[in-house]
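Below you'll find the structure, written out as structure tokens, and then a few comments.
Keep in mind that this is a model prediction, so the values were computed, not measured. The sequence lines fix the lettering, A, B, ..., with proteins before strands; numbering per chain opens at 1.
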Protein chains: 2
Amino acid sequence: MRWDALEEEPCSMARTIGVIGDRWTLLILRECFLRTRRFEGFQSALGITRHLLAERLKKLVRQGVLRRIPYQEAPKRHEYILTQKGLDLYPIMMAIVHWGDTHMVDTRGRPLLHQHRKCGKNFDPVMVCSECNEPLSAKEVHTHPGPGARSTPAITAPEKPKAKARRSTA
Amino acid sequence: MRWDALEEEPCSMARTIGVIGDRWTLLILRECFLRTRRFEGFQSALGITRHLLAERLKKLVRQGVLRRIPYQEAPKRHEYILTQKGLDLYPIMMAIVHWGDTHMVDTRGRPLLHQHRKCGKNFDPVMVCSECNEPLSAKEVHTHPGPGARSTPAITAPEKPKAKARRSTA
DNA sequence: CTTTACAGTTCTAAAAACGAACTGTCAATT
DNA sequence: AATTGACAGTTCGTTTTTAGAACTGTAAAG
């Protein structure tokens with residue numbers, strides 16, 4: 001699969017993965033949220049090769065996730081800062097961190113705590129329904145096609161019409 | 001960087017990225033949440049090479065995200081189903097989908113709608129503070145070291161002590 | 001007895017990532 | 001005046017991953 005093809009797929013998840021779905025990009029974005037702004041900052045924090053870093057930053061700028069802002073003339077220098085589109089990735093980041101906090105911690109506990117300025121407490125992020133404010137879990141959600149769903153299913157492998165379950169121990 | 005090293009880092013995000021932070025893995029998990037369970041199902045839905053699919057499934061099983069359950073003897077066949085650890089990835093998936101719905105839709109609108117069984121309505125996922133239930137945004141959150149923070153910063157590049165800003169147009 | 005479903009494994013070619021060195025501008029140091 | 005260091009990349013040869021297609025093996029169906 002060509003990875004830029006992901007952005008054309010009629011699936012918001014595939015499209016998003018096309019933008020942020022690789023390891024370095026996610027780590028670069030972590031650094032952005034931790035207030036890193038400059039090339040050397042990213043490079044030394046992550047140990048990414050300079051080549052790849054340059055490429056990933058370019059892509060994030062192209063996608064509108066980061067903005068490249070000059071902070072000095074003479075040797076032209078730029079900072080990379082999150083746009084609103086980039087800031088909106090925050091729930092994804094927090095969800096990733098929280099899963100790690102829940103399932104990947106060692107005996108010492110979590111590496112990082114998060115404090116909510118509004119209420120002053122250390123918190124966990126919780127995902128709730130926008131309509132009833134109840135916490136969400138996979139089993140309580142029903143998925144159905146929306147207006148942007150694929151009309152011509154030509155791209156997918158054609159459904160084999162003769163799908164007769166041989167044995168169904170399942 | 002060796003990618004399995006990510007799981008040792010004192011950062012819940014890095015550790016999580018070590019498990020799910022690549023394109024195919026995320027797409028495989030999407031399929032899992034859409035109730036795909038079998039090898040051929042994943043393969044034909046995604047167009048992933050069989051080789052990589054086998055490898056990724058193995059890794060997800062090793063990580064405890066999927067469980068490999070026999071559904072027939074004689075050719076031994078297995079299904080891959082989400083464990084609780086895997087189901088807990090749901091907020092990450094929803095956050096990714098929601099970002100795509102917000103920032104990557106074309107004129108036709110969202111490909112998929114989500115209905116909450118409890119309240120019956122189509123919804124968006126919202127991330128809130130576990131303590132005060134207010135929606136979260138990056139700027140309202142302060143991050144500080146937890147018990148599992150790195151005690152010996154030997155792995156990171158040593159902080160250059162003489163960091164004297166040459167020019168600060170910033 | 002040939003085909004099909006299914007779950008992989010094996011192989012070679014192509015693409016991506018790594019690692020280290022190099023380019024270029026300017027300020028500060030010697 | 002010459003050298004060093006900060007900074008933001010680019011270039012290039014090597015190694016690792018991924019793609020793509022074919023092959024293996026079991027058993028039911030036609």
Atom [atom1] of [X] to atom [atom2] of [N]: distance rounded to whole Å?
{"X": "A/Glu40", "N": "D/dG9", "atom1": "CD", "atom2": "C1'", "result": "9 Å"}
{"X": "B/Glu79", "N": "C/dC6", "atom1": "CD", "atom2": "C1'", "result": "12 Å"}
{"X": "A/Ile28", "N": "D/dG9", "atom1": "CD1", "atom2": "P", "result": "12 Å"}
{"X": "B/Arg37", "N": "C/dC6", "atom1": "CZ", "atom2": "P", "result": "15 Å"}
{"X": "B/Tyr71", "N": "D/dA28", "atom1": "OH", "atom2": "C1'", "result": "13 Å"}
{"X": "B/Arg77", "N": "D/dA27", "atom1": "CZ", "atom2": "P", "result": "10 Å"}
{"X": "A/Leu53", "N": "C/dG19", "atom1": "CG", "atom2": "P", "result": "15 Å"}
{"X": "A/Tyr80", "N": "D/dA8", "atom1": "OH", "atom2": "C1'", "result": "8 Å"}

side-chain hydrogen bond (donor to acceptor under 3.5 Å, both in side chains) partners for B/Glu9, two or more places apart: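 Partners of B/Glu9 under the side-chain hydrogen bond (donor to acceptor under 3.5 Å, both in side chains) test: none.
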Is any side-chain heavy atom of [X] less than 4.5 Å from a side-chain heavy atom of [Y]?
{"X": "A/Arg15", "Y": "A/Leu6", "result": "no"}
{"X": "A/Thr25", "Y": "A/Val19", "result": "no"}
{"X": "B/Met127", "Y": "A/Tyr90", "result": "no"}

My understanding is that only residues two or more places apart in sequence, or in another chain, count here; which of them pass ring-ring contact (aromatic ring centres under 6.0 Å, His included) with B/Phe42?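 Scan of B/Phe42 (ring-ring contact (aromatic ring centres under 6.0 Å, His included), adjacent residues dropped) gives none.
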So, does B/Thr83 use its side chain to make a donor-acceptor pair with the main chain of B/Arg67 at under 3.5 Å?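 Judged by distance alone, no pair lies under 3.5 Å.
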Polar atom pairs (N or O), protein with nucleotides 10-18 of chain D, under 3.5 Å:
unit_1, atom_1, unit_2, atom_2, d
D/dT18, OP1, B/Arg56, NH2, 3.0

Within the 4.0 Å heavy-atom criterion, would you say A/Arg68 contacts the bases, only the backbone, or no part of the nucleic acid? sugar-phosphate
Tell me what B/Phe42 touches on the nucleic acid: a base, only sugar-phosphate, or nothing, going by heavy atoms under 4.0 Å. nothing
Select one nucleotide: of D/dA8, C/dT25, C/dA7, the one nearest the side-chain heavy atoms of A/Arg38.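 For A/Arg38, the side-chain atoms sit closest to D/dA8.
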